[in-house]
Amino acid sequence: MSDPASTKVYPDAVSALADVLRDGMTLMAGGFGACGVPENLIAAVRELGVRGLTCISNNAGLDHFGLGILLQTRQIAKMIASYVGENKEFERQYLAGELELEFNPQGTLAERIRAGGAGIYGFYTRTGAGTLVAEGKEQRVVDGETYVLETGLVADIALVKAWKGDTEGNLVYRKTARNFNPPMATAGRITIAEVETLVEVGELDPDQVHTPGIYVQRIVAGRNYSRLIEKRTVRARAGSGDAVVA
Amino acid sequence: MPWSREELAARAARELADGFYVNLGIGIPTLVANYIAPGLKVVLQSENGMLGMGPFPYAGDEDPDLINAGKQTVTELPMTSYFSSADSFAMVRGGHIDLSVLGAMEVSEHGDLANWMVPGKLVKGMGGAMDLVAGVKRVVVVMEHSSKDGTAKFKPRCELPLTGANVVDLLITDLAVFSRATRRDPFRLLEIAPGISSQELRAKTPANYLE
C-alpha cells in the first residue's frame, strides 16, 4: 500500500502483535458485550501464548468469545472491568483465587481510560462516593458534595476494533460497536486497530473520522467476524408499531 | 392487592415529561418504555453509547453492531446518535439525563440504594449503575416491597453494599409509592396499592416515612 518503511499496515493480527507483546503486559480491549470486540487481535494474543496479562475491558467476554478465550488458556492474571456476568470460566477462576479482579463503575472506567490517553493524572468524581469503590481513595468535599479521586489508565498495548480504517490509522466505528474503542485507542502506548474494511488514505471523509490516525500505530484488516448476538430480541411484525423496547 | 410488574412500569412511566432524556435499567425499568404516554417526546439513552433508542428489530433485521446496555438487539430512530462510552458517561455524570429508572435490592429511608452486590455471593459488577445514580437528575427506583423470603427492602439502613448514598428521589414498590421533594427531605407516602391498609404497609415497612 504505502511506503513499507513507514507503513502502519500489517498483513494480519499475529504479525501486528508478535514483536511487541510480552508476558505481564497490560492490555486494553475495546467492546461492550459481544459488540465492537477486537476478535482477530485477541485470537492472536492467544496464539502468541503470552501469560500474566492484566486486561482492561468493560466485560470479560463470553466463554468462547472475546477475552473469554484468553481465560481458557489462563493467560490473564488480572481483569479491570465493570461487569463480568456472562462468563462461567471467569467465575470459576475468580472463585478459585486464580484471577485478580478490580471492578470499576462503567463510567469511571471509561473516564479513567480517556484521562490516561489525554495525559490527565486523575479526576474527582461523585460516582462511587459513599460506596466500597471509594475505600482507600482520596476524597474531597466541595459544596457539600463528596468526590472520589480516580486515576488515569494507560496500557502497554490497546486493541481496538473499528468498522473502517485507512492506512494512516484513521478510524470510523459503526453504531454501538463504538463503545470503549475510541478512548482505548488514545490510551495505548501502542494501539493496534483491526478493521472490517481497510481503505487507502483519501477514501474516508475527514469530517467523519472518529479516531484520528495519530492514536493508531498499527492497523490490520480483520477476517471472519463472528457477528455474534448475545441476546437476540425481536418484535412481532403485526401490530405493535411504535412500541419501544420491552 | 399488590401492583403487578406491568402496573409498576406504568406508574414509573408517569414520571416522564415531554422532552425528557431518560435511561432505563434492566428488568421492570425496561418495561417503562412500553407505557410512555402517546404524544410525549421521550428520548431513551443507552449507556453503551446511543441516544434515541428504538424498539426491538423485526426478526431478520437484527444487527450485531446495534445493542442496548442489556446486550439486547434494538433499532435506531431518525433522531438517533451514537457516541463512545466516555461521552456516554460524560452525559450521565454531567447531569444531562433527566431521569433514570432502576431496580433495587434495598433502599434506605435516607435514599441510599443497594443494587449490585450481595456479600458471599458471586458479584457480577456494578456496570453503569453507580454512575447513573451519581449523575442523573432524578432517580426513580422500582422494586418489590419485600424479597421472596418476605424480608422488607425499604429499611432504616441498607445492609448490602451501596450503589449510591442518598440518591433515590422516588420509590415505587408493589405496595406503595414514596416520594421526597429534595434529597434533604424524608420520604412521604404518596400512593398505596388497592386493598392495602396503611397499618399493613407500616407493618411491612421498617423504614420511617411520613404520611
Side-chain angles (χ1 to χ4, degrees), chain A residues 32-36 58-59 81-86 91 94-95 103-111 113-114 125-133 146 163 173-183 210 225-237 240-246, chain B residues 24 30-31 33-34 36 42 44 46-50 53-74 76 82-90 92-93 112 116-117 122-135 161-166:
Chain A
F32 182 97
C35 190
N58 187 54
N59 312 106
S82 88
Y83 189 83
V84 297
E86 288 95 4
E91 185 174 325
Y94 178 64
L95 291 176
F103 276 128
N104 283 191
Q106 196 173 133
T108 294
L109 181 63
E111 187 65 10
I113 296 163
R114 196 202 68 79
T125 176
R126 282 194 307 273
T127 302
T131 77
L132 292 176
V133 164
T146 303
W163 179 44
Y173 307 95
R174 184 171 177 274
K175 303 187 189 285
T176 55
R178 190 181 313 191
N179 57 62
F180 278 83
N181 287 296
H210 298 135
Y225 282 104
S226 62
R227 317 296 293 163
L228 187 72
I229 291 175
E230 265 181 81
K231 293 177 188 167
R232 187 179 301 274
T233 42
V234 295
R235 68 186 141 140
R237 248 171 222 284
S240 59
D242 281 327
V244 197
V245 181
Chain B
L24 300 176
T30 306
L31 300 176
N34 296 339
I36 298 171
V42 170
L44 299 179
S46 188
E47 67 264 25
N48 55 322
M50 180 181 196
M53 183 168 57
F56 292 152
Y58 293 120
D61 292 345
E62 307 92 318
D63 183 339
D65 286 342
L66 184 41
I67 61 171
N68 65 17
K71 324 264 164 71
Q72 297 170 311
T73 46
V74 293
E76 65 185 26
Y82 299 108
F83 34 84
S84 74
S85 301
D87 288 328
S88 180
F89 284 97
V92 167
R93 239 186 275 103
D112 301 338
W116 77 284
M117 179 182 188
L122 185 80
V123 180
K124 293 182 172 184
M126 68 290 279
M130 285 192 182
D131 309 280
L132 285 163
V133 300
L162 297 186
T163 305
N166 190 15

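In the text below, chain A, chain B and the rest are named by the order of the sequence lines, each starting its count at 1. Bear in mind that the values here come from a model prediction, so they are computed numbers and not experimental data.
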Exercise for the section: Go through the atoms of B:Glu76 and report whether side chain, backbone, both or neither lie under 4.5 Å from a heavy atom of chain A. Expected result: side chain

Exercise for the section: Verify side-chain contact (heavy atoms from CB on, under 4.5 Å) between B:Tyr82 and A:Tyr173, making sure each step is shown before the conclusion. Expected result: CA-CA 9 Å; B:Tyr82 299 108; A:Tyr173 307 95; over 6 Å; no

Practice task
Could you tell me whether a side-chain N or O of A:Thr233 sits under 3.5 Å from a main-chain N or O of B:Thr73, the two making a donor and an acceptor?
Solution key: yes

Handout entry: Results of side-chain contact (heavy atoms from CB on, under 4.5 Å) for B:Ala90 - residues two or more places apart only
Key = none

Problem - Winner by heavy-atom pair count (cut-off under 4.5 Å) against chain B, out of A:Tyr225, A:Phe180, A:Tyr94, A:Trp163 - result: A:Phe180

Practice task
Compare every heavy atom of A:Phe32 with every heavy atom of B:Asn68, then report the nearest pair and how far apart it is.
Solution key: O-CE2, 3.9 Å

Practice task
Could you have a look at B:Ala86, B:Pro57, B:Ala165 and say which one has the most heavy-atom pairs with chain A under 4.5 angstrom?
Solution key: B:Pro57

Fill in the blank from the handout: Only one of B:Asp63, B:Ile67, B:Asp65 passes side chain to side chain contact (heavy atoms under 4.5 Å, CB included) with A:Thr176, and that residue is B:Ile67

Problem - Option that, when pairs with chain A are counted at under 4.5 Å, heavy atom only, ranks first among B:Val123, B:Val133, B:Val92, B:Asp61 - result: B:Val123

Exercise for the section: Would you mind checking which part of B:Ser88 comes under 4.5 Å of any heavy atom in chain A, side chain (CB onward), backbone (N, CA, C, O), both or neither? Expected result: neither

Exercise for the section: Using non-hydrogen atoms and a 4.5 Å limit, figure out which bit of A:Thr125 sits close to chain B: side chain, backbone, both or neither. Expected result: side chain

Problem - A:Arg126 (side chain) donor-acceptor with B:Ala134 (main chain) under 3.5 angstrom - result: yes

Exercise for the section: Identify which of A:His210, A:Glu91, A:Arg232 forms the greatest number of heavy-atom pairs closer than 4.5 Å to chain B. Expected result: A:Arg232

Handout entry: Minimal non-hydrogen separation, A:Cys35 against B:Leu66, with atom names
Key = SG-N, 4.5 Å

Exercise for the section: Please answer whether the main-chain N or O of B:Gly49 pairs with a side-chain N or O of A:Asn179 as donor and acceptor at a distance below 3.5 Å. Expected result: no

Problem - Shortest non-hydrogen separation from A:Pro105 to B:Met130 and the atoms involved - result: CG-SD, 3.8 Å

Practice task
Kindly indicate, with the supporting measurements, whether the criterion side-chain contact (heavy atoms from CB on, under 4.5 Å) is fulfilled by B:Phe89 and A:Glu111.
Solution key: CA-CA 8 Å; B:Phe89 284 97; A:Glu111 187 65 10; over 6 Å; no

Practice task
Could you grab the distance from atom CG of B:Leu132 to atom OG1 of A:Thr127, nearest 0.5 Å is fine?
Solution key: 9.0 Å

Handout entry: Stepwise side-chain contact (heavy atoms from CB on, under 4.5 Å) check, A:Val133 with B:Met126
Key = CA-CA 10 Å; A:Val133 164; B:Met126 68 290 279; 3.7 Å; yes

Problem - Those residues that, when tested against B:Lys124, pass side-chain contact (heavy atoms from CB on, under 4.5 Å) (two or more places apart) - result: A:Tyr83

Exercise for the section: Please flag which part of A:Asn59 lies under 4.5 Å from any non-hydrogen atom of chain B: side chain, backbone, both or neither. Expected result: side chain

Handout entry: Flag, side chain of B:Arg93 to backbone of A:Gly107, donor-acceptor distance under 3.5 Å
Key = yes

Problem - Interchain contact, B:Ala69 with chain A, by part (heavy-atom threshold 4.5 Å) - result: both

Practice task
Would you check if the side chain of A:Arg237 reaches a backbone N or O of B:Ala59 as a donor-acceptor pair within less than 3.5 Å?
Solution key: yes

Handout entry: Inter-residue atom distance A:Arg114.CZ - B:Asp87.CG, 0.5 Å rounding
Key = 9.0 Å

Handout entry: Nearest non-hydrogen partners of B:Asp131 and A:Thr108, listed with the distance
Key = OD1-N, 3.2 Å

Exercise for the section: Between chain B and each of A:Ala129, A:Gly128, A:Ala34, A:Ala110, count heavy-atom pairs under 4.5 Å; write down the option with the most. Expected result: A:Ala110

Handout entry: Segment of A:Ile229 engaging chain B (4.5 angstrom heavy-atom cut-off)
Key = side chain

Problem - Working for side-chain contact (heavy atoms from CB on, under 4.5 Å), residues A:Thr131 and B:Met117 - result: CA-CA 11 Å; A:Thr131 77; B:Met117 179 182 188; over 6 Å; no

